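Worksheet: the structure to be examined is printed underneath.
Below, chain A is the first sequence line, B the second, and so on; all start at residue 1. The structure presented is a predicted model; accordingly, all values stated were derived computationally and were not measured.
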Amino acid sequence: MGPLQIKELLQQTPDAKSVTLKGWVRTKRESKNAIFIALNDGSTIHNIQAVAAPGQFSAELLLTVTTGSCLKITGQLVESQGSGQAVEVKIEDLHVYGTADPEAYPLQPKRHSLEFLREIAHLRPRTNTFGAILRIRHSLAFAVHQYFNEKRFFYLHTPIITASDAEGAGEMFRVTTLDLDKLPRTEEGAINFKEDFFGREANLTVSGQLEGELGAMALSKIYTFGPTFRAENSNTTRHLAEFWMIEPEMAFFELEDNMDLAEDFVKYVIRYALENCKDDLAFLENRLSEEDKNKPQNERSIPLLEKLSFVVDNPFERLTYTEAIDILLKSKPHKEKKFQYPVGWGIDLSSEHERYLVEKHFKKPVILTNYPREIKSFYMKLDDDGKTVRAMDVLFPGIGEIIGGSQREDNYEKLLERVHEVGIDPETIWWYLDTRKFGTAPHSGFGLGFERLVLFVTGMSNIRDVIPFPRYPKSAEF
RNA sequence: UCCUGAAUAGCUCAGCCGGUUAGAGCAUCUGACUGUUAAUCAGAGGGUCGUUGGUUCGAGCCCAACUUCGGGAGCCA
């Protein structure tokens, strides 16, 4: 099963047993009586210190041990003579797997900007910051599956390629095998997609929800967790063209059950990270507070662990859209005309409004419900007043909307009416409408953008830094 | 896509009112020192200033376009 990793070795008792280390050099320090090599293999944020005696190895060999080079070291695990670490490895044999020319290797032992690291996304996982982020990302993904498994949800694999263009969740990436230089035409001159691979137009999915509902109407509780694609020309710190989405869908869940699940779920995965990623979170918290030292007092943020614990330990604030509008109308920024966009019943809340509610008024996560039907999707269940729908958005400080969900319209006639209203051809989603024809049931679900969750938990500020290889307009290098 | 700011050494930045040979810190290399902790001290090498065009006797600095990046907004998860 491979050699012991540094994470395990650091926990062992230093009894001079022979061990093998494999990893990448972070720093090398040479002194009169000893040569110190800090080695990291990504299993933990911590490095292990390996020590050689001067003259033990040739100068030529030592010259190739530079930051970024990869080594295999065998030696004895002993108690460290220096302070700063409990154990270290007394080197007996040293082999260089791969060198890293210090003049050419871009990661040197100094602080680099996140913007620069984005340009070298193939190497940035080797930094402390990205190592921590990627390990936390893994733990959160694992917690997602563990949570749903414990709650008896089934993991449903919804298609990545879809022929449905009715979801209305955004611009789509086209999938085709047609020769772009020689497009087949119909007699009318339009592109003839009958000759395309699927015999029709196809795209990358923008959401697995509609297929998720099909699963819920058979298995009762399902969730999806997969990549999602939006061809929007969005250039922000919160959007990606390719991102991972978690979408549970539950039969016999009403809006309140949906909210309970969303809150419980988010708290569970954050708690999992708090319990299982202590070292990485502590590193990121420290990194953030170092950054904060350069900021004026009033712009400093609360420490990361404190922020996460607060979210886990306190109930989310729940209120209706109508109540939220009332709060905004009575708010100071509205009275002083500080809002850029006008406030009034019927508006789609802009991020300044959401930020006011979450960050200024309630100072905690907020769940907004019962939005006007006009600003929400066709599949959301109409309230009895006919004006609002059973929608819910979970808003997080600094992130904005992290979850969007609703109770779904389960009445065939009402759903069909909405389909016509928003201009969807019912023929294209006949299979979706069939669920309301055959054994319809009240059901609910929501979607959570995984990267936004990772953004919140790591305290990072740009979504491009919480996915290994971000995809966004004009960027698909790696 | 819109608004706004930026682009100078490997990285992070400074560069005065347009004027001789473009500076610093970190990194790298060399030396000294040291059971060191992203060590410390000294020295060295390294850039034609994003691209194109323009204004000018003269442009890193002024103007225009383009490209890329940051921040904000919209769309959303």
Side-chain angles (χ1 to χ4, degrees), chain A residues 25-38 40 46-54 63 66-68 78-85 88 90 100-120 127-128 167-171 206-209 227-247 262 290 294 339-341 348-355 375-377 393-396 399-405 446-456 461-464 467 472-475 477:
Chain A
V25 174
R26 286 295 172 77
T27 59
K28 181 184 69 172
R29 287 177 292 275
E30 294 190 58
S31 69
K32 198 171 181 182
N33 299 315
I35 296 154
F36 302 97
I37 299 169
N40 187 283
H46 303 294
N47 303 326
I48 195 162
Q49 176 163 284
V51 189
L63 222 50
T66 58
T67 298
V78 296
E79 194 176 336
S80 179
Q81 292 174 38
S83 58
Q85 60 280 316
E88 63 186 22
K90 200 174 155 194
D101 176 5
E103 296 284 355
Y105 185 61
L107 289 174
Q108 291 303 334
K110 60 158 287 181
R111 201 182 177 91
H112 294 101
S113 68
L114 294 169
E115 290 80 13
F116 173 65
L117 292 174
R118 250 169 250 155
E119 293 171 15
I120 50 166
T127 63
N128 285 332
E167 288 144 32
E171 293 294 311
V206 294
S207 161
Q209 183 199 313
T228 313
F229 309 87
R230 305 270 168 99
E232 303 284 353
N233 190 10
S234 294
N235 293 283
T236 79
T237 54
R238 300 180 305 281
H239 292 85
L240 290 166
E242 177 182 299
F243 64 100
W244 288 67
M245 191 149 64
I246 297 148
E247 294 177 291
E290 288 290 320
N294 301 319
F339 283 137
Q340 197 188 334
Y341 292 89
D348 206 349
L349 297 178
S350 65
S351 57
E352 60 177 344
H353 303 138
E354 294 179 351
R355 291 185 84 113
I375 59 172
K376 285 293 181 184
S377 304
D393 281 3
V394 181
L395 309 177
F396 262 39
I399 308 283
E401 184 181 341
I402 195 167
I403 288 176
F446 61 83
L448 176 140
F450 185 55
E451 281 73 21
R452 289 193 180 171
L453 176 69
V454 183
L455 202 55
F456 183 75
S461 46
N462 193 317
I463 202 161
R464 296 166 184 180
I467 185 167
Y472 49 94
K474 303 280 180 291
S475 178
E477 180 74 21

Tell me if the centroids of the rings in A:Tyr341 and A:His353 come within less than 6.0 Å of each other.
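No, they do not, as the ring centres are separated by 6.0 Å or more.
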I need the [atom1]-[atom2] distance between [X] and [N], as an integer number of Å.
X: A:Leu395; N: B:A77; atom1: CG; atom2: C1'; answer: 12 Å
X: A:Phe339; N: B:A73; atom1: CZ; atom2: P; answer: 13 Å
X: A:Glu171; N: B:C76; atom1: CD; atom2: P; answer: 12 Å
X: A:Arg26; N: B:A27; atom1: CZ; atom2: P; answer: 16 Å
X: A:His239; N: B:A73; atom1: NE2; atom2: C1'; answer: 11 Å
X: A:Arg355; N: B:G71; atom1: CZ; atom2: C1'; answer: 12 Å
X: A:Asp101; N: B:A27; atom1: CG; atom2: P; answer: 17 Å
X: A:Phe243; N: B:C75; atom1: CZ; atom2: P; answer: 16 Å

Where protein sits on nucleotides 31-47 of chain B, one letter per nucleotide: B base, S sugar-phosphate only, - none, heavy atoms under 4.0 Å
---BBBBBS--------
Evaluate the side chain to side chain contact (heavy atoms under 4.5 Å, CB included) criterion for residues A:Ile463 and A:His239: first the C-alpha distance (whole Å), next the side-chain angles of each, then the deciding distance (0.1 Å), finally the verdict.
CA-CA 7 Å; A:Ile463 202 161; A:His239 292 85; 5.7 Å; no
Side-chain N or O of [X] less than 4.0 angstrom from OP1 or OP2 on [N]?
X: A:Arg118; N: B:G70; result: yes
X: A:Ser351; N: B:A73; result: yes
X: A:Thr237; N: B:G72; result: yes
X: A:Arg464; N: B:G70; result: yes
X: A:Asn462; N: B:G71; result: yes

Kindly write out the residues that satisfy side chain to side chain donor-acceptor pair (under 3.5 Å) with A:Arg118, not counting sequence neighbours, or none if the list is empty.
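For A:Arg118 the side chain to side chain donor-acceptor pair (under 3.5 Å) partners, ignoring immediate neighbours, are A:Asp465.
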Select from A:Arg452 and A:Ser350 the residue whose nearest nucleotide in RNA chain B is closer to the 5' end of that strand.
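Mapping each residue to its closest nucleotide by heavy atoms, the 5'-most match is A:Ser350.
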Pairwise 5' ranking along RNA chain B for A:Ser234 and A:Tyr472, keeping only the more 5' one
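Taking each residue's closest nucleotide, the earlier one in sequence belongs to A:Tyr472.
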Between [N] and [M], how many Å separate the two [atom1] atoms, rounded to a whole number?
N: B:G74; M: B:G18; atom1: P; result: 39 Å
N: B:C16; M: B:A73; atom1: C1'; result: 36 Å
N: B:G54; M: B:G60; atom1: P; result: 16 Å
N: B:U12; M: B:A38; atom1: C1'; result: 16 Å
N: B:C41; M: B:U68; atom1: P; result: 42 Å
N: B:A7; M: B:G15; atom1: P; result: 10 Å
N: B:G72; M: B:G25; atom1: P; result: 33 Å
N: B:C29; M: B:C2; atom1: P; result: 46 Å

Does the side chain to side chain contact (heavy atoms under 4.5 Å, CB included) test come out yes or no for A:Leu114 and A:Asn462, once each step is laid out?
CA-CA 9 Å; A:Leu114 294 169; A:Asn462 193 317; over 6 Å; no
Dot-bracket, RNA chain B: Watson-Crick or G-U, under 3.5 angstrom, [ ] crossing, | other strand?
(((((((..((((.....[...)))).(((((.......))))).....(((((..]....))))))))))))....
Hey, mind stepping through A:Glu88 and A:Lys90 against salt bridge (Lys or Arg N to Asp or Glu O under 4.0 Å) and telling me if it holds?
CA-CA 7 Å; A:Glu88 63 186 22; A:Lys90 200 174 155 194; over 6 Å; no
Could you work out which one of B:G74, B:C76, B:U30 sits closest to the side chain of A:Thr236?
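Within the option list, the nearest is B:G74.
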When you look at CD of A:Glu79, are more than 12 heavy atoms from neighbouring residues, nucleotides or ligands closer to it than 6.0 Å?
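Not more than 12 within 6.0 Å, no.
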Main chain of A:Gly208, side chain of A:Glu247: is a donor-acceptor contact present, judged purely on distance under 3.5 Å?
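Checking the backbone N and O of A:Gly208 against the side chain of A:Glu247, a donor-acceptor pair under 3.5 Å is found.
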Using a cut-off of 4.0 Å on non-hydrogen atoms, how would the nucleic acid contact of [X] be classed: base, sugar-phosphate, or nothing?
X: A:Tyr105; answer: nothing
X: A:Pro106; answer: nothing
X: A:Leu240; answer: base

Between A:Asn235 and A:Pro473, is any pair of side-chain heavy atoms under 4.5 Å apart?
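In short, these two side chains touch, coming nearer than 4.5 Å.
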Checking side chain to side chain contact (heavy atoms under 4.5 Å, CB included) for the pair A:His112/A:Thr127: CA distance, chi angles, key distance, verdict?
CA-CA 9 Å; A:His112 294 101; A:Thr127 63; 5.7 Å; no
Can A:Phe450 be called stacked on B:A77 when the rule is centres closer than 5.5 Å and an angle between planes below 30°?
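Not stacked by the 5.5 Å and 30° rule.
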Under 3.5 Å, is there a donor-acceptor pair between the A:Arg230 and A:Thr228 side chains?
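No.
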Measure from NZ or CZ of A:Arg464 to the centre of the six-membered ring of A:Tyr472, then state whether that distance is under 6.0 Å and the direction lies within 45° of the axis.
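Yes, cation above the ring, under 6.0 Å and within 45°.
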Run the numbers on A:Arg29 and A:Gln49 for side chain to side chain contact (heavy atoms under 4.5 Å, CB included), then give the verdict.
CA-CA 11 Å; A:Arg29 287 177 292 275; A:Gln49 176 163 284; 3.8 Å; yes
